[in-house]
Amino acid sequence: MKPKRILIASDIHLAHIDWYGVKTDDRVAKFISDVEAEYEKEPFEALLLLGDYALDFWQWSIKGCYLREGISNANRFAKDFLSRLDKYPFVIRAIAGNHEQYGEENFKRLVGHSRTGLYDAGDVLFVLLDNFAANLDPDFHSDGTFTGTDVSRVKELLAGYPDKKLVLCAHHFDPANESEAFRELLKNEPRLLCLFGGHVHLSRIVDLGEDCGNKKLIYTGNYSYSKEKDPASSFWGFREVYLDETGLTTRYITPENVYVSPVTNETTVHAYGKQDEVIIHF
């Protein structure tokens, strides 16, 4: 197969909160410019966004802006920021996270994408799943309802694309709360290569163990806030994925950024770097 490069990102959170001493709009604009810079450095064929573009239905503090004020920051992310990438030839997919509780019709209207999707990379099919598919278009503030992986949909795609390997992507996979059918499918289907998820705001590689065929769950970091006190180990960034005839290679990229450390309260320069490499041979 012709070598391909793909970027995967999640948890950008255009919202009412500033993190690490950087204004929200400036941070999201930096995400867009960092994606542009990465493309200029080495072109890629697709940008896959795995959700949490805002906090529109947030159940904490002052609550989400959509029910409180009728404002959709998910829409503002798509209209004012993501649209800046329209000039590039790469494909964009932007599925829903747990903070985009819009039903399919509203999600398409506000974000311009579907809650689910596919990206055909030749020998490999990226399957973008909706794992927060319940209680949509709510009239109450919440953090979403985890519904788990639609195993029947994955089986349909395996049958419909018999010559392809599949990569599963979702805003979140929660192995402890997934179905037994999900675990059995991972264990018994060699064409399922790995899983990419967001939600935890970390760059992390998890081996799912023998019950899941030792498949790897690869987390895509964040461009908002880290779940660790010191954000340096999983600072703002995104994953690159290389595909060639030998397999899949992925690394977490952290662009250069200047931020205020919540540990030292000092201005910190986070250098451009790559980390957490995973290689999956075909």
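Formation of a donor-acceptor pair under 3.5 Å by the Trp236 side chain with backbone atoms of Asn222 is not found in this model. Judged by distance alone, with hydrogens and angles left aside, the side-chain atoms of Glu45 form no donor-acceptor pair with the main-chain N or O of Ala121 at under 3.5 Å. Between the side chain of Thr220 and the main chain of Ile8, no donor-acceptor pair closer than 3.5 Å is present. The closest donor-acceptor contact from the side chain of Arg84 to the backbone of Ile32 lies at 3.5 Å or more, if one exists at all. Judged by distance alone, with hydrogens and angles left aside, the side-chain atoms of Asn188 form a donor-acceptor pair with the main-chain N or O of Glu184 at under 3.5 Å. A side-chain donor-acceptor contact under 3.5 Å links Ser142 to the backbone of Gly144. For Asn73 (side chain) and Ala15 (main-chain N/O), no donor-acceptor pair under 3.5 Å exists by modelled atom type. Tyr53 places a side-chain N or O within 3.5 Å of a backbone atom of Gly51 that can act as its donor or acceptor partner. Between the side chain of Arg93 and the backbone N or O of His113, no donor-acceptor pair lies under 3.5 Å. Side-chain atoms of Gln101 come within 3.5 Å of backbone atoms of Asn98 as a donor-acceptor pair (strictly under, hydrogens ignored).
Side-chain contact, Ser234 with Ser226: no donor N or O sits under 3.5 Å from an acceptor N or O. At a cut-off of 3.5 Å, with distance as the only test, a side-chain donor of Asp18 or Thr24 sits close to an acceptor on the other residue.
Put simply, OG on Ser203 and CZ on Arg251 are 12.5 Å apart, with the number rounded to the nearest 0.5 Å. To the nearest 0.5 Å, atom CD of residue Glu36 and atom CG of residue Asp34 are 9.5 Å apart. The CG atom of Leu85 sits 5.0 Å away from atom CD1 of Ile92, with the distance rounded to the nearest 0.5 Å. Rounding to the nearest 0.5 Å gives a distance of 9.5 Å between CG of Leu157 and OG of Ser152. The distance from atom CZ of Arg109 to atom CG of Asn75, rounded to the nearest 0.5 Å, is 8.0 Å. Rounding to the nearest 0.5 angstrom, the gap separating the CZ atom in Phe238 from the OG1 atom in Thr254 is 9.0 Å.
In the displayed structure, Arg191 atom CZ is contacted under 6.0 Å by more than 12 heavy atoms of other residues, nucleotides or ligands. Within a 6.0 Å sphere centred on CG of Asn214, other residues, nucleotides and ligands contribute more than 12 heavy atoms. For Glu42, the CD atom is densely surrounded, since the number of other residues' heavy atoms within 6.0 Å is greater than 12.
Cluster membership for Leu195 and Phe146, using ILVMFWY side-chain heavy atoms within less than 4.5 angstrom, is not shared. Using a 4.5 Å cut-off between side-chain heavy atoms of Ile, Leu, Val, Met, Phe, Trp and Tyr, with links allowed through other members, Tyr242 and Val124 fall into different hydrophobic clusters. Cluster annotation: Leu248 and Leu128 are assigned to the same hydrophobic cluster (Ile/Leu/Val/Met/Phe/Trp/Tyr, side-chain heavy-atom contacts under 4.5 Å, transitive). Clustering ILVMFWY residues whenever any of their side-chain heavy atoms sit less than 4.5 angstrom apart, transitively, puts Ile253 in the very cluster that holds Phe44. Under the 4.5 Å side-chain heavy-atom criterion for Ile, Leu, Val, Met, Phe, Trp and Tyr, Tyr119 and Val111 are members of distinct hydrophobic clusters.
Across every non-hydrogen atom of Tyr223 and Phe31, the tightest pair is CD1-CD1, 3.5 Å. Residues Cys65 and Ile71 approach most closely at SG-O, 3.1 Å, considering heavy atoms. In plain terms, the two heavy atoms of Ile6 and Phe126 that are nearest each other are CD1-CE1, 3.5 Å. The shortest heavy-atom contact between Lys30 and Glu256 is NZ-O, 2.8 Å. Contact detail for His172 and Asn131: the closest heavy-atom pair is O-ND2, 2.9 Å. Between Ile280 and Cys194, the closest heavy-atom pair is CD1-CB, 3.4 Å.
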Given the rule in the side-chain contact (heavy atoms from CB on, under 4.5 Å) test, do Asp123 and Leu243 qualify, once you have shown the distances and angles that lead to the verdict? CA-CA 9 Å; Asp123 291 348; Leu243 298 169; over 6 Å; no

Would you check, one step at a time, whether the test side-chain contact (heavy atoms from CB on, under 4.5 Å) holds for Val206 with Leu208? CA-CA 6 Å; Val206 177; Leu208 296 178; 4.1 Å; yes

CA sep, side-chain torsions, deciding dist, call: Leu168, Phe173, side-chain contact (heavy atoms from CB on, under 4.5 Å): CA-CA 10 Å; Leu168 303 185; Phe173 294 97; 3.9 Å; yes

CA sep, side-chain torsions, deciding dist, call: Tyr102, Asp137, side-chain contact (heavy atoms from CB on, under 4.5 Å): CA-CA 5 Å; Tyr102 303 104; Asp137 290 326; 4.2 Å; yes

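With sequence neighbours excluded, no residue forms a salt bridge (charged side-chain N to carboxylate O under 4.0 Å, His left out) with Arg68. With sequence neighbours left out, the ring-ring contact (aromatic ring centres under 6.0 Å, His included) criterion links Tyr225 to Trp19, His201. Here Tyr219 pairs with nothing under the side-chain hydrogen bond (donor to acceptor under 3.5 Å, both in side chains) rule; sequence neighbours left out. Scanning for side-chain hydrogen bond (donor to acceptor under 3.5 Å, both in side chains) contacts around Thr116 gives an empty result, with sequence neighbours left out. In this structure, Phe182 has no ring-ring contact (aromatic ring centres under 6.0 Å, His included) partners at least two apart in sequence or on a different chain. Evaluation of the ring-ring contact (aromatic ring centres under 6.0 Å, His included) rule for Phe235 yields Tyr20, Tyr259, His270 as partners, not counting sequence neighbours.
A side-chain contact (heavy atoms from CB on, under 4.5 Å) with Asp11 is found for one member of Asp52, Leu49, Leu202, Val200 and no other, namely Asp52. The ring pair (Phe, Tyr, Trp, His ring centres under 6.0 Å) test with Tyr66 singles out one residue from Trp58, Phe140, Phe107, Phe57, and that residue is Phe57.
Taking the six-membered ring wherever Trp is involved, the centroid distance between the rings of His171 and His99 does not fall below 6.0 Å.
Contact of the Thr246 side chain with the Ile279 side chain is not registered, since no non-hydrogen atoms from C-beta on lie closer than 4.5 Å. For the pair Asp80/Leu14, no side-chain contact is recorded, criterion being any heavy-atom separation below 4.5 Å from C-beta on. With a 4.5 Å cut-off on side-chain heavy atoms, Tyr161 and Val127 do not count as touching. Using a 4.5 Å heavy-atom cutoff, the side chains of Thr149 and Leu185 are not in contact. Here the side chains of Lys41 and Tyr272 are in contact, with some heavy-atom distance below 4.5 Å.
Glu240 has a carboxylate O that lies under 4.0 Å from a charged side-chain N of Lys274, or vice versa, which qualifies the two as a salt bridge. Ion pairing between a basic and an acidic side chain is recognised when a charged N comes within 4.0 Å of a carboxylate O; Arg183 and Glu180 show such pairing. Under the 4.0 Å criterion applied to side-chain N and carboxylate O atoms, Glu104 and Arg115 are not assigned as salt-bridge partners. Between Lys215 and Glu189 no salt bridge is recorded (no basic side-chain N to carboxylate O distance below 4.0 Å). The pair Asp25-Arg76 meets the salt-bridge criterion, since a charged nitrogen lies less than 4.0 angstrom from a carboxylate oxygen.
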